[in-house]
K.L.:
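I'd like to ask some things about the structure below.
Predicted, not measured: the structure shown is a model, and the values here were computed from it. FYI, the numbering just counts along the sequence from 1.
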Amino acid sequence: MSFKPDELNRINTLYPELCNADGQINLENEHAKNLLSDWKEPKAFDKIGYARPLGGFFYEFFYYILGTVISLAIYPFILSFMYPWPESQSYANLVGVIFLIFENIFNIPTQFAIDRFVGEYRVKNTRKMIDFIRFYTWWQMMSGVFIVTGFSYYVFQIINSDSTLVWAKWLMLITISREYPALQDFYINCIRGMQKYDLEAKLNFINQFIVSAVFEFGFVMFGKYIIGRNPIYGPLVGISIGFAIGTYLDDFVSIFINMFYFSKIIRPLGYTLKDCFIPQVEKDTILKSIKFGIVVSIPGLIKALFSGITAFWWYSALPAYLTLITLSEFADGITNYIKIGGGINIRPTISEAYNSGQKNLTSYYISMSWKFIMFFLFALGTIVIVFLPSLLSVLLQVAGAEEYVLAVFFIIPNFIATIIEQPVVTAEDTILGANKPLFNSAIMIVSYFVEVLLIFLSINVFRIHEIWGLRGIFWLLPLIPFIPNLIRMITSWIYIDKKIARVHIKKFGWQSFIAPIIPAIIIGGIGFLWTHLVFPFLSDLTNSPLIAGVITLIFAIVGCMLFIYFPLYALFGGWDEHTLSVFQEATEISGPSRIFFGPIFKISNWFVKKSPFHNRFPIPYKKAQEEAFELMKIRHIKDKLVMQIYPQN
């Protein structure tokens, strides 16, 4: 229900028969028409439709590329300088695993939900949206006090101070301190829930590539050269402690930055940041949050328990596990570039549409999500798998980070495992956005049990690490989750099609799966020839593998994607009139990323006109467009109603 009974009474007193018993607006009512007299079609990120999340992803693309270029340029050198031993970070991360299950227990009411509730109630009732934000704020801070206090007591009073692992106590204390106030991602999630994706993109870049980078570098250096000078700890443990301190303190800076920009968003709605800290929350808000949180938290609790158990299984069977898992995660970070379409976050978008009864709009969002996931997966996946393995091995050696060269062997297995991750995440976002957490939790639990079973069989029955050695480990570590994720993906999308909204595979199948194939094969062949013939030639010519590597990256991103993949995708029927117009609209609101997507749109538009497949395989949109306009009008009316019945805000 959008409004409480007393709110509905006040509204219907002012505007008779405007709302039904469920708080739904009758747009044919004369009062509704009068309230819409000053309505104008919203622009940019206020306009409901797929261009909004797509434009948000495009907006973030500029910062993503900038951060990627910076990372690829300096990361190998940072590795050799800051983390000369791959296990340096693993010690801190292993301590985090110990606390993971308790963090999940205390975060039960706030798991996965804030952007889902904000997305729904931004349309239905902004006062209720603020009520959810209040509850989440206070729960996060108060639960953090209990976690930090309880574990600090445990560390000081229970763990033996005479142990040779006394340094681990400090890691535990620093790591658990992150649980207060635990609001770093909170305001970002609220901003995402309100679908202000342009602001989210800016804040993600500031937090990740400026704030976090500065604090991590500064305190790792402090740990390495100050703490590490003490022979009790040494530089390896010193780096781990410095890493833990730096990644804790940067949270506070990020919180205040995110908080400041969030306050600017809610001010036009009649609220201030102070309203979000008022310790007064309605009972049904608490019950809804806890009920939703309990259901979605159960898999997290089970996973946390399993993670601790399986981590020690691995460590017992494979003494070099911490090093190898770090190398695998490093390779996974590289292959995650193929999930760039995952930047199109649809949980608040689905929540906004489905929970307002707009089934056609929900189905349309699903179709468009599949289109763009596969659009980027084929393009970036081909570039990652063809260009990066040989390029990365050379650059790591040049940078003096030979300890990480083995990560190259993890790239292809991680690539295979990563292919299905984004369809899994999108299915989860759709199910949770549609307020169906029970099924999502059930299928996640099943997948975790399958994963644990596979780990047990691999280590204790088939003993792959002993029979196949490193070659087996290169494939085993990344691919263990593949089968559970495959089961989860297939089952989830069948459920979505049956219980939430139709998944029209035939209607988006051509644009998602057929049109990208030939362009991907072509750039794959070009990339193979480049890495085996041109790259060695450039290295000899310039006498610098680093320069040859930069030229190769530019050729891969600009040459292969911009001038080969995108035109051929358009030529093979990848766009219809509507999806191309959505692409254009998203480009227009993409801020600094227009320098990338402006040319892509123009090139695509030119080739679309030459395509014999153009408009032969369109994605239906007219009914969804009608529902989107209804939602925007309803939101306009409800914003006015909330301001009138709560004028003090």
K.L.:
Would a distance-only check, ignoring hydrogens and angles, find a side-chain to backbone donor-acceptor pair under 3.5 Å from S512 to G509?
P.N.:
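No, the answer is negative, given that no donor and acceptor are paired below the 3.5 Å cut-off.
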K.L.:
Go through it in stages, so that I can follow the logic: the residues are F330 and F410, the test is side-chain contact (heavy atoms from CB on, under 4.5 Å), and I'd like the CA-CA distance, side-chain angles, deciding distance and then a yes or no.
P.N.:
CA-CA 9 Å; F330 175 79; F410 284 102; over 6 Å; no
K.L.:
Only one of L377, N485, N414 forms a side chain to side chain contact (heavy atoms under 4.5 Å, CB included) with I419, so which one is it?
P.N.:
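With I419 as partner, L377, N485, N414 yield a single side chain to side chain contact (heavy atoms under 4.5 Å, CB included), made by L377.
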K.L.:
Checking D250 now: which residues fulfil side chain to side chain donor-acceptor pair (under 3.5 Å) with it, not counting sequence neighbours?
P.N.:
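Testing D250 for side chain to side chain donor-acceptor pair (under 3.5 Å), a comparison that skips the adjacent residues, returns S212.
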K.L.:
Taking distance alone, no hydrogens or angles, what donor-acceptor pairs closer than 3.5 Å link side-chain atoms of residues 451-460 to residues at least two apart or in another chain?
P.N.:
| from | atom 1 | to | atom 2 | distance (Å) |
| --- | --- | --- | --- | --- |
| S458 | OG | L454 | O | 2.7 |
| N460 | ND2 | F456 | O | 3.4 |

K.L.:
Going from CD on E421 to CZ on R488, what distance comes out if it is rounded to the nearest 0.5 angstrom?
P.N.:
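Between E421 CD and R488 CZ, I get 10.0 Å after rounding to 0.5 Å.
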K.L.:
Residues in ring-ring contact (aromatic ring centres under 6.0 Å, His included) with Y180, at least two apart?
P.N.:
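ring-ring contact (aromatic ring centres under 6.0 Å, His included) list for Y180, sorted by chain: empty.
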K.L.:
Checking F439 now: which residues fulfil ring-ring contact (aromatic ring centres under 6.0 Å, His included) with it, not counting sequence neighbours?
P.N.:
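Partners of F439 under the ring-ring contact (aromatic ring centres under 6.0 Å, His included) test: Y495.
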K.L.:
Just do the side-chain contact (heavy atoms from CB on, under 4.5 Å) check on K436 and N440 with the steps written out, would you?
P.N.:
CA-CA 7 Å; K436 308 287 186 183; N440 188 69; over 6 Å; no
K.L.:
Would you say the rings of W530 and F555 are close, in the sense that their centroids are separated by under 6.0 Å?
P.N.:
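Distance test on ring centres: under 6.0 Å, yes.
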K.L.:
Could you state the interatomic distance from CZ (F462) to CG (L476), rounded to the nearest 0.5 Å?
P.N.:
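F462 CZ to L476 CG: 11.5 Å, rounded to 0.5 Å.
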K.L.:
How about I431 and E428: do any of their side-chain heavy atoms sit closer than 4.5 Å?
P.N.:
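No. Closest side-chain heavy atoms not under 4.5 Å.
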K.L.:
Once ring-ring contact (aromatic ring centres under 6.0 Å, His included) is applied, do any residues pair with F306, and if so which ones, sequence neighbours excluded?
P.N.:
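Result, ring-ring contact (aromatic ring centres under 6.0 Å, His included) vs F306: F449.
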K.L.:
F387 and F528: aromatic ring centres closer than 6.0 Å?
P.N.:
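No, too far apart.
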K.L.:
Determine the minimum heavy-atom distance between T552 and A548, stating which atoms define it.
P.N.:
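Smallest interatomic distance, heavy atoms only, reads OG1-O, 2.8 Å.
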K.L.:
Parallel, tilted or perpendicular, judged at 30° and 60°: which one describes the rings of F57 and F376?
P.N.:
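Perpendicular: the ring planes of F57 and F376 meet at over 60°.
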K.L.:
If the condition is ring-ring contact (aromatic ring centres under 6.0 Å, His included), which residues does F222 pass it with, not counting sequence neighbours?
P.N.:
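Listed in chain order: nothing, the list is empty.
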K.L.:
Could you walk me through whether L477 and L324 pass the side-chain contact (heavy atoms from CB on, under 4.5 Å) test, one step at a time?
P.N.:
CA-CA 9 Å; L477 284 178; L324 291 169; 4.0 Å; yes
K.L.:
Return the orientation label for the F372 and F375 ring planes: parallel under 30°, perpendicular over 60°, tilted otherwise.
P.N.:
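Ring orientation, 0 to 90° scale: perpendicular.
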